[in-house]
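The structure appears below as structure tokens.
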Amino acid sequence: MAESQGCARIECTGLGKSFPGALRAVTPLDVTFQPGATTALVGPSGCGKSTLLRLIAGLEDPSEGKVLIDDLPPVRQAARGAISVAFQDPSLLPWLTVRANVALARKLARQSPDPTLVDELIGLVGLSGSEKTRPAALSGGMRQRAAIARALATQPRILLLDEPFGAVDELTRRQLARDLPPLWQSRGTTTLLVTHSIHEAVTLADRILVLSPRPARIVADIAVPLPHPRDAHGADFRALLTRTSKALAQGDADNAPMAAQ
Amino acid sequence: MMRVASVGPPLLGGVLLIMGWGALAAVLRGGHLVAGPAEVAGWIAANPGLLGRALGKTLTNATLGFLAGNLVAIALAGVAMIWPRLLNLISGLALVVFCLPLIATGPILRVLMGPGDGPQIVLAALAVYYTTLIPLLTGLRATPAVWLDLVHSYGRGRWSELIHVRARAALPYLFAGLQIAAPAAFLGAMVGEFTGAEQGMGVLTIRFMRALDVPALWAIAVVAAAVSMVVYGAIGAVARMVLHDRPPVILSPPRGKPVSGLSRLFQPALLIAAVLVLWWAGMALPGMNPFFAKSPQDVLAALTTAPQAAATRDTLWTALTETAVFLLPGYVAGLMLGAGLAIALVLVPNLSTLVMPIAVALRSVPIVTTAPLIVLFLGRGALGTISLVAAMVFFPTLVACLHGMRQAPGQILDVFHIYAAGRLRQMAHIRIPAMLPAFFAAARMSVPAAILAVTVVEWLTTGRGLGSLMALSASVSDYNMLWAAVAVVTTISALCYAGVAAIERRILFVYAPEQVRP
């Protein structure tokens, strides 16, 4: 299978998800993710952010509505190797080395082996020298970085990142925040980033969707018109932090009566 | 994963075991019960040719059965992963095959396959099929969901799951299954030889038992045990090389998705139908002599409409009650002793490092092959039979319970340490509840093993119960009775297994709810 090319547009129409015996996870959502843009999904714990990401990845079937990626369902796009996911749990296979774990993504996506790219990505995430190490010998942050490298190895058109920097140390996190956006911008990757960190969202994304507590609905759609790399001390940056933070608090307050019911 | 420190404790344990055996032989000298290590070594040295030929034959048959049974198990496990709807049917059929009384299937295979090595190989294959399939299915299904999500996120399906993730993830479980399967194959081959083979360790056992040749019987049991332990250890060594770790201790067969309503009735009905169809189809194969090959209709007629049906039912019932009298106390004693010693070993941890390697090794001994010795030692009455059944249940229970207690959550133990709670309190509040899933898994898996043990002793020595009835029916060519006994024993074995599983579910619902809830 040839490597997937071009930017991808993701359209969610009336997308909702309920689990048997549980609260509705996602209320019907209508949202479009523009090709090549990076969108951060921010919201309180358990609000359904990861469920939304899984729906877009085709790992869950919607209870209502649909997701289309360039007019095709996610499963079809996944079969073309267009999607990569970095899960919250690094999900490295324990019997494979770091290099083999990263290379596995290309194998699964039916892409030809590319050892140079694999080693470049391992270097990008700061794991040079650990190529032959097995996951058990890595720290939590190192595992998560290996998982990010794996997600990038297929040069996907759609990159779905589920709290990928949760266990990464502050210095590496800053370095990744500097190096990753140019990478996915140069490739036109449509990126969705689930995060708890408002700072991370403003640093990385072109757009921030603030979600309410469960069931997830969009309470704010905030554009981030700042160039990369971003100055975290700049007035615009700080204004966006405040705006996102207020939207998050507002969403929480709006949902409080619903939660009480 | 089971961690056993190093070579030191097992070596010391082995030396202590041989010293204890020597001391026992010295105490009971002249009683014609126990041959000591020196006597056994002398007998082996004096009969290398006889023993070598017999061992070679049994090992060859066991190896062929081991390969065949494992290949079938691996293929079926793969099928169950690709078509998950077949999982319940495949594990159900596996259980039924595991519950077949080997000592009745032996004579039946003998008349169907004639002289030669066929029955020994088939019995060895039947003995390993379940011990490999169940751990393998457990391993194939014990894969974290997120690994499978990774495969699915690239649009790949069950084949890719199996190839890239499940197969490799299941390797430790496969090795654990193969470790248990090795002695089981040896046991299957020996039981096959009991049924009229010309050569092999089983043939020698029967011959020396009749001649009451105590040193020879001890020599055969010791050689069978040693070979099993060596193969068990060798597979463990290969596993460590391949996996960089020891194989895990397998406790429990995989559970299908919880079923409700109609499918709760449908699944057993489907299984019974599948068993009956396979049985009927097997008997209808060309070349099957209806004199030997009895179909389900024949057995049903023999138990209901035939002129001697009432007498057949009476005979079976009498045999069944005679067997139950030995089976139940032995089974319960084995479980209690296994769990009791496990608790004692955890309370005295230093003892555990010494006893654990011996227990793991002894678990690999084909206990049934030592039946003549135990009966020789404890007599042909109740005590000998009950002891053998208890021994058959004891070792797997001990190993499982120790493993279970080691699974006690470390953080909760830390809480108890902070409050300076003593070992007994930890035992009562944390370790015993943590042990329960393992205990019940062992109890469930021990049901068919206990039935095998009791029927073999009845057959070889006591002349009572179902084992003796099956042997007698085979020798007088009463194939209706023999097949009826097979059907009854298999059904009872499967029902007892299901009964223990039902109690287990209730207990686990309280103590390990994650294992019984979806």
Side-chain angles (χ1 to χ4, degrees), chain A residues 1 4 19-22 50 53-54 56-61 69 72-97 100-111 134-137 143 147 150-151 153-154 156 158-162, chain B residues 1-3 81-82 84 136 138-176 238-248 257-261 263 411 509 513-514 516-518:
Chain A
M1 168 100 22
S4 48
F19 292 103
S50 296
L53 209 68
R54 291 175 65 82
I56 293 168
L59 293 173
E60 300 280 354
D61 292 325
I69 300 173
L72 287 177
V75 176
R76 294 273 300 278
Q77 291 288 5
R80 296 175 169 200
I83 303 176
S84 264
V85 186
F87 296 95
Q88 200 171 350
D89 177 315
S91 65
L92 301 176
L93 300 186
W95 52 86
L96 297 180
T97 61
N101 262 298
V102 175
L104 175 71
R106 293 189 66 85
K107 207 182 277 182
L108 288 173
R110 296 188 176 93
Q111 294 176 350
R134 286 179 208 280
R143 282 181 219 164
R150 183 179 60 194
T154 57
I158 298 136
L159 182 59
L160 306 173
L161 305 168
D162 191 354
Chain B
M1 298 269 167
M2 170 84 57
R3 290 234 160 259
M81 286 303 108
I82 301 294
L136 190 53
T138 306
L140 286 168
R141 299 177 72 214
T143 321
V146 70
W147 295 358
L148 303 179
D149 278 348
L150 175 72
V151 176
H152 299 155
S153 71
Y154 290 102
R156 307 294 291 269
R158 292 198 185 113
W159 269 110
S160 292
E161 271 181 15
L162 187 60
I163 293 165
H164 292 292
V165 178
R166 289 190 194 269
R168 178 57 184 77
L171 263 191
Y173 294 82
L174 174 64
F175 275 113
V238 173
R240 280 194 294 280
M241 275 197 300
V242 174
L243 307 171
H244 311 289
D245 207 342
R246 285 168 195 277
K257 284 185 180 169
V259 292
S260 57
S263 44
Q411 287 181 342
F509 199 76
E514 73 286 350
V516 280
R517 285 181 189 146

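This one's a predicted model, so the numbers in the text were calculated from it and none came from an experiment. Chain naming here is simple, since letters A, B, ... match the order of the sequence lines and numbering starts at 1 in each.
- Taking chain B as the reference chain and counting heavy-atom pairs below 4.5 Å, the highest number among A/Gly58, A/Ala105, A/Ala57 is found for A/Ala105.
- Between A/Ala109 and B/Arg156 the shortest heavy-atom distance is N-NH1, 4.4 Å.
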Donor-acceptor pairs under 3.5 Å, side chain of residues 82-96 of chain A to any protein atom, not counting sequence neighbours: which ones?
residue: A/Ser84; atom: OG; partner: A/Ala151; partner atom: O; Å: 2.8
residue: A/Ser84; atom: OG; partner: A/Thr154; partner atom: OG1; Å: 2.9
residue: A/Ser84; atom: OG; partner: B/Tyr154; partner atom: OH; Å: 2.9
residue: A/Asp89; atom: OD1; partner: A/Ser91; partner atom: N; Å: 2.7
residue: A/Ser91; atom: OG; partner: A/Arg150; partner atom: NH2; Å: 3.0

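- By number of non-hydrogen pairs under 4.5 angstrom with chain A, the leading residue of B/Ala169, B/Gly157, B/Pro144, B/Gly155 is B/Gly155.
- When every heavy atom of B/Ser153 is checked against every heavy atom of A/Ala78, the shortest pair comes out as O-CB, 3.6 Å.
- Shown here are the side chain to side chain contact (heavy atoms under 4.5 Å, CB included) partners of A/Glu60, two or more places apart in sequence or in another chain: A/Lys17, A/Phe19, A/Arg54, A/Leu55.
- For A/Leu108, the parts sitting under 4.5 Å from any heavy atom of chain B are the backbone and the side chain alike.
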